[in-house]
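Below: one structure, written as structure tokens.
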Amino acid sequence: MTEFATPRGTVDILPDDWAHWDFVVDTARRIAGLYGYRRIETPTLGDVSLYVRATGEATDIVQKEMYAFRDQGGDDLTLRPEGTAHVVRAYFQHVLNRLPQPVKLYYIERMYRREAPQRGRLREHHQFGCEAIGSADPAVDVEMLALLHQFYGALGLSGLTLHLNSMGDGACRPAYLQALTAYLQVHQAELAALDRERLSRNPLRVLDTKEARSQAVVAGAPSILDYLCIPCREHWHAVRAGLEALSIAYEVDPALVRGLDYYTHTVFEFQAPYEGAQSAVGGGGRYDGLAETLGAPPTPGIGFGSGIERLILTMKEQGVMPPPPARLRVYVAHVGQDAASAAGRVSTALRAVGVAVIMSFGSRSLKAQMKAANSAGAYYALIIGEDEVSTGTVTLRDLASGQQMTLPESEVAAAVVPWDTPPPGLETRDSK
RNA sequence: GUGACGGUAGCUCAAUGGCAGAGCCCCGGAUUGUGGUUCCGGCGGUUGGGGGUUCGAGUCCCCUCCGUCACCCCA
């Protein structure tokens, strides 16, 4: 232990963690590929004004969560707090709107938000995200939800619920907000104190209150879905029909509100079945107004982000194991000075033909080295002592069967077979 | 940012205000150059950090850091 540790809300990802990480990331890449999404990676740094414009002046991200600073040259920069803004920026910067539309992009990147850390809620976390830019077709929404549905299934997760809502658009949302606010104001006296406070700050938030006292009022509140304008309603019904055609279950959740200003039409969130505030494992929505906000031609788009740390938590919660990593093929044990140099020679020769080898270091007893071979999970131990050195041979021991044989150094590579499958045992060869 | 609860060995946890311990891990040994099980031994701690009360503090008090839960918000 030194006086230094990871900053609050950040973690080291240690070797033992990587079975989960590799599995999630590999699965993400594979599934994204199945749907024709191609990878993009944007800078960790971004202009502060990009996020102010994209996510909205009044959002929590902009108000209090960005790691923003002015650099030595006077530029106002921030660590990326979310994925969409940068990707949409890249789409226009590199004129991807001249490609066949929609352009479908995915990313696996680190996000930074200065929040109070909790389980599943870090200041630096990773998201797998997709963005489909350039089409307003509700079929794009449906396909993206199908992608997520398949992704979570491929991870082995179960019991996730898809919450679905429409946020309307510039034509219909203001009228709804007005109606909701008016309703809540009339019933203010029946609301819990906390919700009266929410009402003044962000009336939409009152809808997903946990206060028992407010439930009756909230139950009678007007629903956004009743206020959708005709295009919004058509889009909404098309998405629902599309999901039903694919037998993807969802729950209509008029209380589902997302915190970023750019959302329009479809919004969604996948919730893990366990209790707790961090049960949202992925979410997103359509952002047809975002491009204009950034000063680009009007361009529809939709995207999601899914938190890798939360996915891994959910996997562990549900006892889902990632595939075990490939086992070490050979552990090289040696006794004596001459044997040590022979061990180095053999190890290098084996690695040259693709065999994973761990060589013992220092001069430990053969017994200790055999223990190490065992706990390293090796298929074979290669033993080199005085006898072997004097005859130019090595002893190859199959650790599962205990069978062993001595063979010329030059024949080892052929005997151990460098592939990821368990190797053949030695019992077919004669051994002592 | 606010409130509540927690922090003892690498890990999981014990210890009435009175000698800081166990299990696991790691290292070594149980007759010659051979692992897993077993047995024995060893390493390992300024009890998160700082101050205070006390003859004496892991234990009580204050500050601080970190974690967890809730608010908030979300992935």
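Per chain, numbering begins at 1; letters A, B, ... match sequence-line order.
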Complement of [N], any strand, by Watson-Crick or G-U distances under 3.5 angstrom:
N     : result
B:C60 : B:G52
B:G36 : none
B:C71 : B:G1
B:G17 : none
B:C66 : B:G6

Picking from [options], which would you name as closest to the side chain of [X]?
X      : options             : value
A:A116 : B:G1, B:G28, B:U34  : B:G1
A:D60  : B:G67, B:G33, B:C73 : B:C73
A:L122 : B:U34, B:G29, B:A75 : B:A75
A:H125 : B:G35, B:A75, B:U34 : B:A75
A:A280 : B:A75, B:G33, B:G29 : B:A75
A:Q127 : B:G35, B:U34, B:A75 : B:A75

Whole-Å [atom1] distance, [N] and [M]:
N     : M     : atom1 : value
B:C60 : B:C73 : C1'   : 38 Å
B:A9  : B:G21 : P     : 14 Å
B:G56 : B:U64 : C1'   : 25 Å
B:C40 : B:U54 : P     : 47 Å
B:U12 : B:G51 : C1'   : 31 Å
B:C5  : B:C63 : P     : 13 Å
B:G48 : B:C65 : C1'   : 7 Å
B:U32 : B:C43 : P     : 25 Å

Using a 4.0 Å heavy-atom cut-off across all strands, classify [X] as base, sugar-phosphate, or nothing.
X      : value
A:G120 : base
A:V281 : sugar-phosphate
A:A368 : sugar-phosphate
A:S375 : nothing
A:L311 : nothing
A:G9   : sugar-phosphate

*asked:* I'd like to know if A:E317 pairs up with A:R119 as an ion pair, taking the criterion as any Lys NZ or Arg NE/NH1/NH2 lying under 4.0 Å from an Asp or Glu carboxylate oxygen.
replied: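 Yes, this pair counts.
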
_Please determine whether side-chain contact (heavy atoms from CB on, under 4.5 Å) holds for the pair A:M359 and A:F361, giving the CA-CA distance in whole Å, both sets of side-chain angles, and the decisive distance to 0.1 Å._
CA-CA 6 Å; A:M359 188 175 70; A:F361 291 119; 3.9 Å; yes

Give a yes/no on whether any side-chain N or O of [X] is located under 4.0 angstrom from OP1 or OP2 of [N].
X      : N     : result
A:R113 : B:C73 : no
A:Q118 : B:A70 : yes
A:R119 : B:G67 : no
A:K367 : B:G35 : yes
A:R121 : B:A75 : no

*List the atom of A:V320, the atom of A:H20, and the distance in Å for their closest heavy-atom pair.*
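Looking at all heavy atoms of both residues, the shortest contact is O-NE2, 4.0 Å.
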
_Please give me the minimum heavy-atom distance between A:A85 and A:L294, naming the atom from each residue._
O-CD1, 4.5 Å

Give the rounded distance in Å between these two atoms: [atom1] of [X] and [atom2] of [N].
X      : N     : atom1 : atom2 : answer
A:R310 : B:C73 : CZ    : P     : 14 Å
A:L14  : B:C11 : CG    : C1'   : 13 Å
A:R8   : B:C66 : CZ    : C1'   : 7 Å
A:R80  : B:A75 : CZ    : P     : 14 Å
A:Q369 : B:G36 : CD    : C1'   : 17 Å
A:L382 : B:G33 : CG    : P     : 18 Å
A:Y380 : B:G36 : OH    : C1'   : 18 Å
A:E386 : B:G33 : CD    : P     : 8 Å

*side-chain contact (heavy atoms from CB on, under 4.5 Å) assessment of A:Y331 paired with A:M370*: CA-CA 9 Å; A:Y331 186 97; A:M370 291 304 290; over 6 Å; no

*Quick check: does any side chain N or O of A:R110 sit under 3.5 Å from a backbone N or O of A:T44, one acting as donor and the other as acceptor?*
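Checked: no pair found.
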
*asked:* Given 3.5 Å as the limit, does a donor-acceptor pair link the side chain of A:R53 with the main chain of A:T293, or not?
replied: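 Yes, the answer is positive, given that a donor and an acceptor are paired below the 3.5 Å cut-off.
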
*Of A:E124 and A:K371, whose closest RNA chain B nucleotide lies nearer the 5' terminus?*
A:K371

*Between A:R114 and A:E65, which is nearer to the 5' end of RNA chain B once each is assigned its nearest nucleotide?*
A:R114

*Determine the interplanar angle of the A:F128 and A:Y106 rings, folded into 0 to 90°, and report it as parallel if under 30°, tilted if 30 to 60°, perpendicular if over 60°.*
perpendicular

*Aromatic rings A:W18 and A:W21: how do their planes relate, parallel, tilted or perpendicular, breaks at 30° and 60°?*
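Because their plane-to-plane angle lies in the 30° to 60° range, the rings of A:W18 and A:W21 count as tilted.
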
*Any donor-acceptor pair under 3.5 Å joining the side chain of A:R397 to the base of B:G35?*
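Pair found.
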
*asked:* Determine whether a donor-acceptor pair (one donor, one acceptor, N or O, separation below 3.5 Å) exists between the side chain of A:E115 and the base of B:G1.
replied: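 Side chain to base: no pair present.
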
